[in-house]
Amino acid sequence: STAATALVARRTGEKDQAGASNAAMQVILIGLLVSMVLSIAGFLMAEQMLRFMGATESVVKEGVTFTRIMFGSSSVIMFLFLINGIFRGAGNASLAMKSLWIASLTNIVLDPLLIYGFFNFDGFGLKGAAIATSIGRGLGVIYQIFHLLKGNEYIKINKKMMLPDWKIIGSILKLSWPATFQFIIASGSWIILTRLIAETGGTTASAAYQIAIRNLVFFILPGWGLSNAAATLVGQNLGANDVDRANKSVLLCMKYNVYFMSVVTCIFLFASKYLMSIFTGNAQIIELGTNAMRIIGTGFIFYGIGMVMIQSLNGAGDTTTPTIINFVGFWVFQIPLAYILTKTLNLGMNGTIIAIPVAETVIALSAWYVFKKGKWKSIKI
């Protein structure tokens, strides 16, 4: 997705519609192969992955089918974001948004029906959530594919582009493998933190943590939107050979992200107990989750800065530098800090949570420093 945005944005800025469309199709071909591998591997290893995460036997028994359905349908999840990366790179963020609305609203409607049932249908329980997600994301992908095949002023795919173009594929892989590791590094770190909380706090702490993180992900989405806009604007302006406008675009996105994240910080500091109570009536989970959200909330401004800086570098085609920043920030700094605070200093779940805003601040400042140095301005892709 990162490679798609960078390449399509650069070709769009150069007014090369055919080049942008060909890059888009090659990204889709690679995504098809990768999603097949991940679907098969995830389906077969679902039980082992849950055990690795520290799940109890009851959780493994209940969750293995859910996990298999989610991995088995991972192709629709991958394509939803992959094709949206193409649309964003072409400057059509509204179409990307509409596909996500279709996927999300379908999921919201189907979730209670398939989990709890309706009329004489008893529902599937936890499995229903996975089925609802897969159907929702699948409809979003169908909507995307319809517009790709239909063609518009942004992307027009023809039959010739459906054959592998090894030169373009080479460029995509060169851009995408560091970007892939960016997210593997970040996701891997979150997995370790999840396991650490499960080990020290058990199921109650895990539930509180997951609700807190879900709230984090929800409230941070507009920030991701601004950071994705920064990536597109950087790529298109570099393609148009307007470096100054690319730089100004990033700074503007960062300014608005700081404004937005300041509001979210207040919400997490003062309304976290109310937000937790929406999801559960368990007093212990609410208490742990409220404390976690307040700690997480202290870092939102830096989350916003870091997202824009990282995505701007990615949009310029420099996917290697953000990978290094993520590795140092998450694996060299965050995980050891979490272990020290949680186990050595015996802070429990709070120790793990504290490591999150601290590490994100380090990552944001590092990315800002690299961006200001300006080497991204001369990258060719």
Side-chain angles (χ1 to χ4, degrees), residues 97 100-101 103-105 107-109 111-112 115-116 129 132-133 136 186-187 189-190 193-194 196-198 200-229 253-311 330 334 337-338 341-342 347-365:
M97 180 189 70
L100 288 175
W101 271 113
S104 299
L105 289 174
N107 193 14
I108 288 169
V109 171
D111 260 328
I115 293 171
Y116 300 112
T133 299
S187 298
S189 175
W190 288 103
L193 296 187
T194 302
L196 191 57
I197 287 174
T200 56
T203 304
T204 302
S206 294
Y209 173 71
Q210 291 301 334
I211 294 173
I213 292 300
R214 289 290 185 269
N215 277 289
L216 164 67
V217 170
F218 176 78
F219 280 98
I220 215 168
L221 287 177
W224 269 113
L226 281 166
S227 64
N228 286 329
C253 288
M254 186 184 73
K255 182 175 76 171
Y256 284 117
N257 225 6
V258 169
Y259 291 160
F260 171 74
M261 290 301 179
S262 298
V263 174
V264 177
T265 297
C266 293
I267 293 172
F268 267 55
L269 291 179
F270 302 111
S272 54
K273 187 171 184 178
Y274 168 74
L275 292 172
M276 284 296 302
S277 65
I278 294 173
F279 295 91
T280 179
N282 185 302
Q284 190 176 2
I285 293 176
I286 291 175
E287 181 183 354
L288 290 172
T290 298
N291 197 43
M293 287 180 65
R294 286 172 179 164
I295 295 172
I296 290 170
T298 61
F300 266 110
I301 290 175
F302 288 100
Y303 303 159
I305 294 171
M307 284 190 293
V308 171
M309 293 297 106
I310 292 289
Q311 285 298 87
F330 286 116
Q334 186 185 65
L337 178 63
L341 294 175
T342 302
L347 294 181
M349 177 180 174
N350 285 343
T352 306
I353 301 299
I354 290 170
I356 296 172
V358 174
E360 291 288 352
T361 301
V362 171
I363 290 169
L365 294 176

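Note that the numbering runs from 1 along the sequence shown for the chain. Note that the structure is predicted; figures quoted are calculated from it, not measured.
Using a 4.5 Å heavy-atom cutoff, the side chains of Ile220 and Met261 are in contact. A 4.5 Å side-chain heavy-atom check between Phe302 and Leu365 finds at least one atom pair inside the cut-off. No side-chain heavy atom of Ile286 sits less than 4.5 Å from a side-chain heavy atom of Asn282. Counting heavy atoms from C-beta on, the side chains of Leu216 and Phe300 come closer than 4.5 Å. Between Phe268 and Ile295, every side-chain heavy-atom pair lies at or beyond the 4.5 Å cut-off. When side chains are defined from C-beta on, Gln210 counts as touching Thr194, because their heavy atoms get closer than 4.5 Å. A heavy-atom distance below 4.5 Å is found between the side chains of Tyr209 and Ile353. Contact check for Glu360 versus Phe330: side-chain heavy atoms found under the 4.5 Å cut-off.
Annotation: the span from Leu226 atom CG to Tyr256 atom OH amounts to 10.0 Å, rounded to 0.5 Å. Separating the CG atom in Leu288 from the CE atom in Met349 is a distance of 5.5 Å, to the nearest 0.5 Å. Expressed to the nearest 0.5 Å, how far CD1 of Ile356 lies from CG of Leu337 amounts to 10.5 Å.
Residues satisfying the side-chain hydrogen bond (donor to acceptor under 3.5 Å, both in side chains) criterion with Asn350, sequence neighbours excluded, are Asn291.
Of all non-hydrogen atoms in Ser206 and Ile197, the two that sit nearest each other are N-CG2, 4.0 Å. In plain terms, the two heavy atoms of Ala355 and Leu341 that are nearest each other are N-CD1, 4.4 Å. For the pair Pro222 and Phe260, the tightest heavy-atom approach, listed with the atom from each and the gap, is CG-CZ, 3.4 Å. When all heavy atoms of Ile285 and Ala207 are compared, the closest pair comes out as CD1-CB, 3.8 Å. When all heavy atoms of Ala338 and Leu193 are compared, the pair lying nearest together is CB-CD2, 3.6 Å. Between Met293 and Ala212, the closest heavy-atom pair is CG-CB, 3.7 Å.
Side-chain N or O atoms of Asn228 include one that pairs as donor or acceptor with a backbone N or O of Trp224 at under 3.5 Å. Here the side chain of Asn257 pairs no donor or acceptor atom with the backbone of Ile305 at under 3.5 angstrom. Between the side chain of Tyr303 and the backbone N or O of Ile296 there is at least one donor-acceptor pair closer than 3.5 Å.
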task: Let me see the working for Ile310 and Ser227 under side chain to side chain contact (heavy atoms under 4.5 Å, CB included), right down to the final yes or no.
output: CA-CA 8 Å; Ile310 292 289; Ser227 64; over 6 Å; no

field: Step-by-step side chain to side chain contact (heavy atoms under 4.5 Å, CB included) determination, Phe218 to Arg214
entry: CA-CA 6 Å; Phe218 176 78; Arg214 289 290 185 269; over 6 Å; no

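Applying the side-chain hydrogen bond (donor to acceptor under 3.5 Å, both in side chains) test to every pair with at least one member in residues 264-280, sequence neighbours left out, gives these pairs: Ser272-Arg294.
Side-chain atoms of Thr200 and Thr342 form no donor-acceptor pair, as typed in the model, at a separation below 3.5 Å.
Atom CH2 of Trp190 has more than 12 heavy atoms from other residues, nucleotides or ligands within 6.0 Å.
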